2 protein chains.
Amino acid sequence: MDETSEREPSELPVAMGHLPELLGYALRRAQVAVFADFHDRFSSDDITPAQFGVLEVLKYNPGLRQTQVSAALGVRRTNFVPLFDGLEARGLAERRKVPADRRAFALYLTPKGEDLLQRLEQRVCEHEAKFTARIGADGKQQLLRLLHLLCDN
Amino acid sequence: MDETSEREPSELPVAMGHLPELLGYALRRAQVAVFADFHDRFSSDDITPAQFGVLEVLKYNPGLRQTQVSAALGVRRTNFVPLFDGLEARGLAERRKVPADRRAFALYLTPKGEDLLQRLEQRVCEHEAKFTARIGADGKQQLLRLLHLLCDN
DNA sequence: TATTGTTATACTCTATAACTATA
DNA sequence: TATAGTTATAGAGTATAACAATA
């Protein structure tokens, strides 16, 4: 194949227009990059970011009601059911009946879930460190501040 | 209902543990917030962020091959097919045969697509302005810089 | 009547394998 | 043998409606 004529279209860089200046586009790309690294590190443990979030909330709020956990994480209560089922089936967390309200379940980590979470938290720090290395510790604090401002209105 | 005893669990704020300091968690929340606003503004035009990205890339790279467009946007070529089909069916963009390579398609905006994109771009500025108001113009530039550093390695 | 948790379901996104027609 | 585009398909993630048990 003739190199000069063949490479004609593919060697030119693609102009992205205004996309790089759009917050939504930049946020999506960054989120995909960070979640991909999370997946690389934790798929062998069968832990997704959403599952990690549930474990983390239960650690600091043992006994919270199912609907409160799902609301805090921005997951609809209907989608939270299979999400928590997976953790419970693996013995990482459990539902307990609440005498005061027989409709409700209070959620808790099991000892096994606490152990796993502790080990996960250490490795999450390494995951964070990978990206902190790219933007610096100050950069990370600035970034978190700006991201929270974006959400919290 | 007795207010003091009833509110016991729901009135306490939920502790989010380390989640607010995790880049992935903060990025996801911010992205959801920004995309929700995009959806509010553009769902009546049946335009998703991904479709807007395609139109934008075609505006600045008319005649680019299908695979190049999908690669530039981080969409697998197999998923790009129905994405572009939707735009083509609505007369916003089109595939043209390439004489030099009869396997390939070169992609173009139609005049109708150019018109729509111009109107979309104006309204995307309003969408951006909503979030820029929360973090300031400097904040936005800092945020974009940090987000790009996070991806570009 | 309203709320908690659940089921069923549907729609979008994303991911893989395999096909066709060309190169 | 490799590449461009396509099809089929399967798995997540996310959305709504409706139900049973309980408040």
Side-chain angles (χ1 to χ4, degrees), chain A residues 1-3 5-10 28-29 31-33 35-36 38-40 42-43 46-54 63-71 73-86 88 93-107, chain B residues 1-3 5-10 24 28-29 31-33 35-36 38-40 42-43 46-51 53-54 63-86 88-89 93-107:
Chain A
M1 289 192 177
D2 178 6
E3 294 224 332
S5 68
E6 257 312 302
R7 303 214 167 170
E8 172 215 325
S10 52
R28 176 186 166 276
R29 281 196 11 144
Q31 202 230 312
V32 166
F35 272 44
F38 191 100
H39 179 264
D40 289 346
F42 299 106
S43 63
D46 249 298
I47 289 291
T48 64
Q51 289 173 320
F52 178 81
V54 175
L64 210 61
R65 304 299 151 82
Q66 192 164 313
T67 297
Q68 294 176 292
V69 176
S70 66
L73 290 166
V75 179
R76 290 169 191 274
R77 71 192 196 287
T78 178
N79 294 328
F80 187 84
V81 174
L83 174 58
F84 193 80
D85 284 349
E88 190 165 42
E94 60 182 9
R95 293 171 167 95
R96 295 189 204 159
K97 291 186 177 176
V98 177
D101 186 343
R102 288 159 58 206
R103 298 169 301 181
F105 287 118
L107 305 187
Chain B
M1 289 190 177
D2 178 4
E3 294 224 331
S5 68
E6 258 311 300
R7 303 213 167 170
E8 174 213 325
S10 53
R28 177 186 165 276
R29 282 197 6 144
Q31 202 229 307
V32 166
F35 272 44
F38 191 99
H39 180 265
D40 289 346
F42 299 107
S43 63
D46 249 300
I47 290 291
T48 64
Q51 289 173 320
V54 175
L64 210 61
R65 304 299 151 82
Q66 191 164 313
T67 299
Q68 295 177 292
V69 176
S70 66
L73 290 166
V75 179
R76 289 166 192 277
R77 72 193 196 287
T78 178
N79 294 327
F80 187 84
V81 175
L83 174 59
F84 192 81
D85 284 349
E88 189 165 42
E94 61 183 8
R95 293 171 166 96
R96 295 189 203 159
K97 291 185 176 176
V98 177
D101 186 344
R102 288 159 57 204
R103 298 170 301 181
F105 287 118
L107 305 187

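Owing to the predicted nature of the structure, the values given are computational and were not obtained by experimental measurement. Numbers restart at 1 for each chain; the letters A, B, ... are given by sequence-line order, proteins then strands.
At a threshold of 4.5 Å between non-hydrogen side-chain atoms, the residues B:K97 and B:F105 count as touching.
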What does nucleotides 4-17 of chain D look like as a protein-contact string, B for base, S for sugar-phosphate only, - for none, at under 4.0 angstrom between heavy atoms? SBBBB-----BBBB
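Between A:T67 and A:R77, the shortest heavy-atom distance links the atoms OG1-CD, 4.3 Å. Of all heavy-atom pairs spanning B:R95 and B:Q66, the tightest one is NE-OE1, 3.1 Å. Heavy-atom minimum distance, B:G63 versus B:A106: O-CB, 3.4 Å. The minimum heavy-atom distance between B:F80 and B:V75, with the atom names listed, is N-CG1, 3.9 Å.
Between the CZ atom of A:R102 and the P atom of D:dA20 there is a distance of 17 Å, given to the nearest Å. With rounding to whole Å, A:Q31 atom CD is found 14 Å from C:dC13 atom P. One can place CD of A:E94 at 17 Å from C1' of C:dG5, the figure rounded to the nearest angstrom.
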